[in-house]
There are 2 protein chains.
Amino acid sequence: MKSSNPEWVGFSLLDEENGFFPADMIYSIHTYLKNELIFRQGDICEALYVLIKGSVKTEMITENGNLLGIEIIKAPRPLAPAFLFSDNNRFPVDVTTMEAVEVLRIPKVEVIRLMTSQIDFMKQFLTHNANRTQFLTNRLQLLSIKTIKGKIAHFLLEQCNEHGQKFSINRNQTELAEFFGVARPSLARSLSEMVQEGIISITKKEYTILNNKGLRELLL
Amino acid sequence: MKSSNPEWVGFSLLDEENGFFPADMIYSIHTYLKNELIFRQGDICEALYVLIKGSVKTEMITENGNLLGIEIIKAPRPLAPAFLFSDNNRFPVDVTTMEAVEVLRIPKVEVIRLMTSQIDFMKQFLTHNANRTQFLTNRLQLLSIKTIKGKIAHFLLEQCNEHGQKFSINRNQTELAEFFGVARPSLARSLSEMVQEGIISITKKEYTILNNKGLRELLL
DNA sequence: TGGTAAGTGTAACATTTGTTACACATTATG
DNA sequence: CATAATGTGTAACAAATGTTACACTTACCA
């Protein structure tokens, strides 16, 4: 869950000689000043927009998974690429610039042409969207769990799968609480209860799973 | 939010003469009996699987938006197409047949070839995934709202946008409660409070928005 | 190294939501 | 039409979580 999306960095290399894109690609570049509203919720999205310079803010789930509030998007990253091809192709939120911004615009028909002619472009596009979907699915699964201990259990079991019984988490309690969408003291209470119950142990940011079965039971 | 996905029905027409797909498409068809576990959580997903006959169940968010429990998927529908191209291309859940089932399997490389050679196929694939993403985003937004009244407000404002101040909702309270992920009596309480406060009025399944501003304030 | 900011543990209390139970209304069905 | 099944309103109470507050620890940095 890094804040950069390496698969799209190629966009920042956009120039005629470097050529990740064919020289004949049809596109336009739009520049905006600070605090301009560049997309409005409900606007029809008939092109692929890529933020190539600057940053914008929008109300969505954030890149690091926090609950919706203001998300800040930094270049280079595509803006809501998932909506370009949806039946109801409208922006779900407002998008406002936070500084001077450059946006690359590739019309939908051109995107389709690129996809068929440039396999790498297509793969990157697909992968980016697939990753986004996976991310959303995961978040949805986490949010659907109703108890705090359940959320913690889900999260820890996931970590456990990846790193084994003992691992460190590089978020503090406040960040974790935001991630789970709960209040910080409530999270602390649940954590300390789980420690008391001997299910996990915590030392600084080192978490150790002591009782896998116990954790799994917390998922209901 | 119908349970069929018309854009994929073309798959059921799969035969050499009808030719939505080119005659030389590489694929295989797999049949399974009732109650077979056909995909396991964590399995690598290296092909596009389309359920062409029968039904399977899986634990995910349901097609009509209910919280994760058992989702039943009926043919024809692709199975988790979003994960084929993700970096971590593993099935997020177990998939079990509920009856005799046929699954069409198209290897990933073949999917890529089809996408570049058959623009319609590509568009349908993209649209399907885009719709799915939009759906997930919407659900996530709803679930992120922490109060019941907030969820109701979000939902009603959405309906209001589409159908105006007055509209009917074809779900009963129990279904609505599941949709919101809350208990039925809690939902009823919140609804009747909102009626008392003069924000909405309800007659049978006819909902009328009396105070848009009041609703919007409930979103925090 | 001392001071400041950031992070953690925890307690008392408020609020929201869930649970259970039941009366009543509405709808389907023989 | 009678009866059952389904849906709705609501109340009393339980449980979970949020809120606020504060003491204490750790990390940072001037």
**Student:** May I ask you to decide if B:F121's main-chain N or O and B:Q124's side chain share a donor-acceptor pair within less than 3.5 Å?
**Tutor:**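 Not confirmed, B:Q124 side chain does not pair with B:F121 backbone.
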**Student:** Pick out the pairs of N or O atoms, protein on one side and nucleotides 22-29 of chain D on the other, that lie under 3.5 Å.
**Tutor:**
residue	atom	partner	partner atom	Å
D:dA27	OP1	A:K204	NZ	3.4

**Student:** When the side chains of residues 147-157 of chain A are checked against the rest of the protein, which donor-acceptor pairs come out under 3.5 Å, sequence neighbours left out?
**Tutor:**
residue	atom	partner	partner atom	Å
A:T147	OG1	A:G150	N	3.0
A:K149	NZ	A:E193	OE1	3.0
A:K149	NZ	A:E197	OE2	3.1
A:K151	NZ	A:I145	O	3.3

**Student:** Round to a whole Å and report the spacing from CD1 of A:I145 to P of D:dT17.
**Tutor:**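 After rounding, the reported distance stands at 12 Å.
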**Student:** Just checking, A:R171 and A:F179: is the charged tip under 6.0 Å from the six-membered ring centre and within 45° of the axis?
**Tutor:**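 Yes, a cation-pi geometry holds between A:R171 and A:F179.
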**Student:** Side-chain contact test, heavy atoms from C-beta onward, threshold under 4.5 Å: evaluate it for B:D94 versus B:L37 and give yes or no.
**Tutor:** yes
**Student:** Using atom types as modelled and distance alone, determine if a side-chain donor or acceptor of A:S186 lies under 3.5 Å from a backbone N or O of A:V182.
**Tutor:** no
**Student:** What verdict does the side chain to side chain donor-acceptor pair (under 3.5 Å) test give for B:N35 and B:E99, after you've listed the backbone C-alpha separation in whole Å, the side-chain angles of each residue and the deciding distance to 0.1 Å?
**Tutor:** CA-CA 7 Å; B:N35 287 329; B:E99 52 188 313; over 6 Å; no
**Student:** So do B:I29 and B:V103 actually touch side chain to side chain, heavy atoms under 4.5 Å?
**Tutor:** no
**Student:** Are any of the side-chain heavy atoms of B:L79 and B:L48 separated by less than 4.5 Å?
**Tutor:**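 Heavy-atom side-chain distance check fails, nothing below 4.5 Å.
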**Student:** Let me know the distance between NZ of B:K146 and C1' of D:dT17, rounded to the nearest Å.
**Tutor:**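 Atom-to-atom, B:K146 to D:dT17, this comes out as 11 Å.
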**Student:** Kindly state which residues belonging to residues 186-197 of chain B come within less than 4.0 angstrom of DNA chain D, counting heavy atoms of the residue only, listed by number.
**Tutor:**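 Contacting residues: B:A188, B:S192.
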**Student:** Within 45 degrees of the axis of the six-membered ring of A:F39 and under 6.0 Å from its centre: does A:R90 put its NZ or CZ there?
**Tutor:**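 No, A:R90 does not lie over the aromatic ring of A:F39.
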**Student:** So do the side chains of B:C160 and B:N212 get within less than 4.5 Å of each other, counting heavy atoms only?
**Tutor:** yes
**Student:** Answer yes or no: is there a side-chain heavy-atom contact under 4.5 Å between A:Q134 and B:N88?
**Tutor:** yes
**Student:** How about A:S168 and A:Y207: do any of their side-chain heavy atoms sit closer than 4.5 Å?
**Tutor:**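 A:S168 does not reach A:Y207 side chain to side chain.
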**Student:** Please identify which of these residues, A:T208, A:N211, A:L191, meets the side-chain contact (heavy atoms from CB on, under 4.5 Å) condition with A:I200.
**Tutor:**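 Answer to the side-chain contact (heavy atoms from CB on, under 4.5 Å) test with A:I200 among A:T208, A:N211, A:L191: A:L191.
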**Student:** Which label fits B:H163 and B:F167: parallel for a plane angle under 30°, tilted from 30 to 60°, or perpendicular past 60°?
**Tutor:**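 Ring orientation, 0 to 90° scale: tilted.
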**Student:** Find out whether B:L84 and B:K108 are in side-chain contact, i.e. whether some heavy atom of one side chain is under 4.5 Å from a heavy atom of the other.
**Tutor:** yes
**Student:** Among residues 147-160 of chain B, which residues get a heavy atom nearer than 4.0 Å to DNA chain C?
**Tutor:** B:T147, B:I148
**Student:** Produce the list of close N/O pairs, under 3.5 Å, pairing protein atoms with atoms of nucleotides 3-7 of chain C; give distances to one decimal.
**Tutor:**
residue	atom	partner	partner atom	Å
C:dG7	OP1	A:N172	ND2	2.8

**Student:** What's the angle between the local helix axes at either end of the helix from C:dT1-D:dA30 to C:dG30-D:dC1, using five pairs per end and rounding to 10 degrees?
**Tutor:**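 The end axes of the helix from C:dT1-D:dA30 to C:dG30-D:dC1 are about 40° apart, to the nearest 10°.
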